[in-house]
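What follows is a short report on a single structure.
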Amino acid sequence: MGYSDPAIDFNTPEGANRYRHSTSHVLAQAVKRLYPGVKLGIGPAIENGFYYDFEFAEPISADELPRIEEEMKQIIKERLPIERHEMSREEALAFFRERGETYKLELINDLPDDAVISFYTQGEFTDLCAGPHLEHTGQIKAFKLTGLAGAYWRGSEKNPMLQRIYGTSFPSEEQLQEYLAKLEEAKKRDHRKLGRELDLFSLQEAGPGFPFLHNNGMIIWQELIDFWRQEHRRAGYEEIKTPLILNRELWEHSGHWDHYRENMYFTTIDGQNYAIKPMNCPGAMLVYRSRMHSYRDLPRRIAELGQVHRHEPSGTLHGLTRVRSFTQDDAHIFMCPGQEEAEVAGVIALIDRFYRQFGFAYRVELSTRPEKAMGSVEQWEHATAILEKVLQDKGIPYQINPGDGAFYGPKIDFHLTDSLGRSWQCGTIQLDFQMPEKFDLTYIGEDGQKHRPVMIHRVIYGSLERFLAMVIEHYGGAFPAWLAPVQAVVIPITERHHAYGQEVYHTLQEASLRAELDDRNEKVGYKIREAQLRKIPYMLVVGDREQEAKLVAVRHRDAGDQGSSPLSGFIAALEEEIKLKK
RNA sequence: GCCGACGUAGCUCAACGGUAGAGCAGCUGAUUUGUAAUCAGCAGGUUGGGGGUUCGAGUCCCUUCGUCGGCUCCA
């Protein structure tokens, strides 16, 4: 099985991985040549590229990447054959010990006893590697080093931090350029850029991680909430609002003090200790507990748009997607044992309904028991089995994310992808047997005795801030009419059309449409250009012809000039478009 | 929090250690315009903050805050 033409195989994931994995070896070889004392970490292929981790004697800077690229080109020019061979464990250890490759030694020591220890050699460079690889280095046609970053050895903050060089490679220069151009294009959709350009929100030095929403952003926010309320009423939810600040005792009681303290903000009122809520659940528990429940009341689905504050490490903050204060579209479902499956299934259906509305593709994960968890292993297994069963019954593909559950229960997570391909958790469904216990929640069963309810914590949007970011990037700022901050702008051609423009504008306003009148002293082309840049869906040009016949000349953001129509007809069509959330 | 980079006008970006500039946006005036930029003028800054080196710092050094790319973490 030859591999003389990498372009043929590149279209399969295996082929692309092999190609890029070999590129990462070329990178390591180049670095070894340029920085003799360097120690090697690992260097796998990843989605869209590869990386290699190094420990340099002196940290290098990004300016040095071009120099490394030059050396890589040299290695490619040398067309070094890439050859596989095996060593015994002892030989392998001796090989790396001699070369001072302490990280490689660690890797070998962690290999299972019966593992085949294989190596790949190209020229003077040999690396521990399972392969497979290309036949020779000359097969790499186009590559680029794309970044330099710190990364903990084996992903643990307890380990030393290595320097990771990222890169990508393709079988042709055209494909590489195409990929880089696509990345540039994607950057234009970045919600942080669009947020400023479209005046949706801002991030200020006065409050790192605490976003400011502007009027345009608030309009989208409110539409998201209106849609949410409507759907939740239909799905049988109630809505509550609980305080942002509650006393410390409550958080000690709920387990947050033990399990979540380092993420919480605290304050003092009249000498008493309070915490700013990082989660909404305790508030919902108190509401549940404020009266008696019969099994006939259950399931009780109690929703809350709750603003939470969490102290996230400064280095993790990111636009609207990772903040320190956000609004969860939370709900807590209290139910009798046995109702779990139906309720979890109901929430999954609701999440699907929402994401479908926006056309989001999503990925599902099942997160299991973390190290720091409340409750017995049996309870966790029981809860996890329920979640797993629902996913399987529904035929939903999912990955297991071990140890990533909440401290009170396992969860199903729903991930969306941003414009640069980064994945963000939005929806989540968490099954909780702990909190009802902690708060001694009860209901009266058919038998007249007290019983313990089970609880689900769930969010659909996840955080409204994060979801808003996803919405911005998904539409690239060109929002559908139901979300658009301004739905139509009236553009009179000259001053002589201002009165009619006013009339049109007022009629739109009275129909509760979000309209603007652009009566500035500018040419039509100028006003249209500006409206296009603001991504306003409809532009209504009015001049002599329109004024005379009570028409509007409709221009659509994407479809262009639509010709003239009676104002009433335009309004009816727009109202329909909004109602259908097209 | 950790590693690296970057902070110059509202925005995008210039300025060999030697008087901080441009385009767009803004304001004023002229122009009354038919589907992506009319013309002219004006104004706009303790170069993120603080310290230091130097005759002299946007530029070099230290420190701090913020942002960006990752790592860890997470809605």
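Just so we're on the same page: letters track the sequence lines, and every chain starts at 1.
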**Asked** A/R154 and A/D110: side chain to side chain contact (heavy atoms under 4.5 Å, CB included), yes or no, with the steps?
**Response** CA-CA 12 Å; A/R154 300 188 127 185; A/D110 285 359; 2.6 Å; yes
**Message:** Tell me if the aromatic rings of A/F50 and A/H21 count as close, with their centers under 6.0 Å from one another.
**Reply:**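 No; A/H21 has its ring centre 6.0 Å or more from that of A/F50.
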Measure from [atom1] on [X] to [atom2] on [N] and round the result to the nearest Å.
X      : N      : atom1 : atom2 : answer
A/H256 : B/rA75 : NE2   : P     : 11 Å
A/D199 : B/rG26 : CG    : P     : 13 Å
A/R496 : B/rG34 : CZ    : C1'   : 11 Å
A/R520 : B/rA37 : CZ    : P     : 14 Å
A/L145 : B/rG4  : CG    : P     : 19 Å
A/I493 : B/rU35 : CD1   : P     : 8 Å
A/D518 : B/rA36 : CG    : P     : 15 Å
A/I412 : B/rA75 : CD1   : C1'   : 16 Å

**Message:** Using heavy-atom distances to pick each residue's nearest nucleotide on RNA chain B, tell me which of A/G560 and A/A62 is more 5'.
**Reply:**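 Looking at the nearest nucleotide for each, A/A62 comes out on the 5' side.
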**Prompt:** So which one's nearest nucleotide on RNA chain B is more toward 5', A/Q328 or A/D544?
**Reply:**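 It is A/D544, whose closest nucleotide lies nearer the 5' terminus.
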With heavy atoms under 4.0 Å as the rule, sort [X] into base, sugar-phosphate or nothing.
X      : value
A/A553 : base
A/E530 : nothing
A/V541 : base
A/V308 : nothing

Mind checking the [atom1] distance from [N] to [M]? Whole angstroms is fine.
N      : M      : atom1 : value
B/rG69 : B/rC42 : C1'   : 41 Å
B/rA57 : B/rC74 : C1'   : 42 Å
B/rU47 : B/rG66 : C1'   : 16 Å
B/rU46 : B/rC39 : C1'   : 36 Å
B/rG4  : B/rU8  : P     : 22 Å
B/rC13 : B/rG58 : C1'   : 14 Å
B/rC62 : B/rC16 : C1'   : 25 Å
B/rA14 : B/rG7  : P     : 9 Å

Taking pairing as Watson-Crick or G-U wobble with both contacts under 3.5 Å, can you name the mate of [N], or confirm there isn't one?
N      : result
B/rG23 : B/rC11
B/rG18 : B/rC55
B/rG4  : B/rC68
B/rG29 : B/rC39

Tell me whether [X] is salt-bridged to [Y], with the criterion being a basic N under 4.0 Å from an acidic carboxylate O.
X      : Y      : result
A/E197 : A/K535 : no
A/K182 : A/E185 : no
A/E106 : A/K104 : no

**Message:** Suppose we call a contact any N or O donor and acceptor under 3.5 Å apart; does that hold for the side chain of A/E546 and the base of B/rG34?
**Reply:**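 Per atom types, the contact qualifies.
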**Request:** Return the orientation label for the A/F358 and A/F467 ring planes: parallel under 30°, perpendicular over 60°, tilted otherwise.
**Result:**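 Geometry flag for A/F467 against A/F358: perpendicular rings.
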**Request:** Among B/rA5, B/rA75, B/rA36, find the nucleotide with the atom closest to the side chain of A/S61.
**Result:**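 When the side chain of A/S61 is considered, B/rA5 is the closest of B/rA5, B/rA75, B/rA36.
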**Message:** From C-beta outward on A/P59, which listed nucleotide comes closest to its side chain: B/rG34, B/rA75, B/rG4?
**Reply:**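 Output: B/rG4.
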**Message:** How long is the straight-line distance from CZ of A/F479 back to NE2 of A/H474, given to the nearest 0.5 Å?
**Reply:**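 The CZ atom of A/F479 is 11.0 Å from NE2 of A/H474, to the nearest 0.5 Å.
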**Rounded distance [0.5 Å steps], CD in A/E69 versus CE in A/M72** =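 Reported to 0.5 Å precision, the distance equals 7.5 Å.
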**Message:** Generate the contact string for nucleotides 63-74 of chain B. Rules: B means base contact, S means sugar-phosphate contact only, - means no protein heavy atom under 4.0 Å.
**Reply:** --BSSSBBBBBB
**Prompt:** Taking OP1 and OP2 of B/rG10, is either one under 4.0 Å from a side-chain nitrogen or oxygen of A/R196?
**Reply:**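 For B/rG10, neither OP1 nor OP2 has a side-chain N or O of A/R196 closer than 4.0 Å.
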**Item:** Chi angles and distances behind the side chain to side chain contact (heavy atoms under 4.5 Å, CB included) call for A/Y538, A/H556
**Value:** CA-CA 5 Å; A/Y538 290 99; A/H556 185 264; 3.4 Å; yes
